[in-house]
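When a ligand or atom number is given, it counts from 1 through the structure's own listing order. Treat the numbers as computed from the prediction; the structure is a model and nothing was measured. Excluded from the calculations below are hydrogen atoms, water molecules and symmetry mates; all remaining heavy atoms, backbone and side chain alike, are included.
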Amino acid sequence: MIIKYFYRAAWVLFIGGGIALGANLFAAPQPLPRSSMGSMGGMKMGPIPGHLPSAGKLVNYHSARRFVAAANREGTVATHGKDPLLTFEGKAVRINMIAVQPGFPDQTFELHKLVDPAIAIQSGAKVTISLLNMDYGPGMLHGLVIGKARPPYHMVVVLPVKHQLVQMPLILPRLKKSVTKSHYFLERARFTAPKRPGTYYYFCQMPMHAKSGMYGKFIIRK
Ligand SMILES: [Cu+2]
């Protein structure tokens, strides 16, 4: 009799604990007021120096789709060895990057329907770069840094990296599991490409992400 109750109590504790843990793990992050930008908000993790997130701008699914459509339209695809090379011509370029577009592999960037493509721009070009985080789940923050740090990457990439051109903050994941019902965070940054041609890399600064393959080549051409 006592043993039976003991088992029942153990089950209650086990299942109750599991539910509490599950709720904690799968709780959707709440939108942060802009005043709390730079804090870790509702995310259950300690701050990572140099890797503080931004709430960014919140857009609905239709705006996110327009963003993806623009990303698919802009630039021209050629080949670079065996790999696709996405070229942006002109002295003023707009680059729309997507972090983990639904239907694409985890820990990747997408644009022009390509995964982590090599990107080429002209030297001295004025660049407006935007990043939309379409990923879902706690800890699925993504940012973007362009600089001379080349792969293989360590678990944590110490910032700023050598010849860093731009650093976009970590952006929170989408708010709802449903892709169509969700809102998405978006960030924008501007920089001027160096006058001297060279090979740079873009990568995500979230710990483990660049190491897991979230990066691509960023080429400055004459
Ligand atoms: Cu990432």
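- Sorted by first then second residue, the side-chain hydrogen bond (donor to acceptor under 3.5 Å, both in side chains) pairs that include residues 82-95, not counting sequence neighbours, are E89-Q122.
- Taking F109 as the reference, Y202 meet the ring-ring contact (aromatic ring centres under 6.0 Å, His included) condition, with sequence neighbours excluded.
- Legend: residues meeting ring-ring contact (aromatic ring centres under 6.0 Å, His included) with F203, ordered by chain and number and at least two apart, are Y153.
- Applying the 6.0 Å contact sphere to NZ of K148 captures more than 12 heavy atoms from other residues, nucleotides or ligands.
- One distance of note links OG1 of T76 with NE2 of H112; it measures 7.0 Å at 0.5 Å rounding.
- Counting all heavy atoms, side chain and backbone alike, N96 lies closest to A71 at O-CB, 3.5 Å.
- The Cu ion (ligand 1) has H142 ND1, C204 SG, H209 ND1, M214 SD as protein N, O or S atoms under 2.8 Å away.
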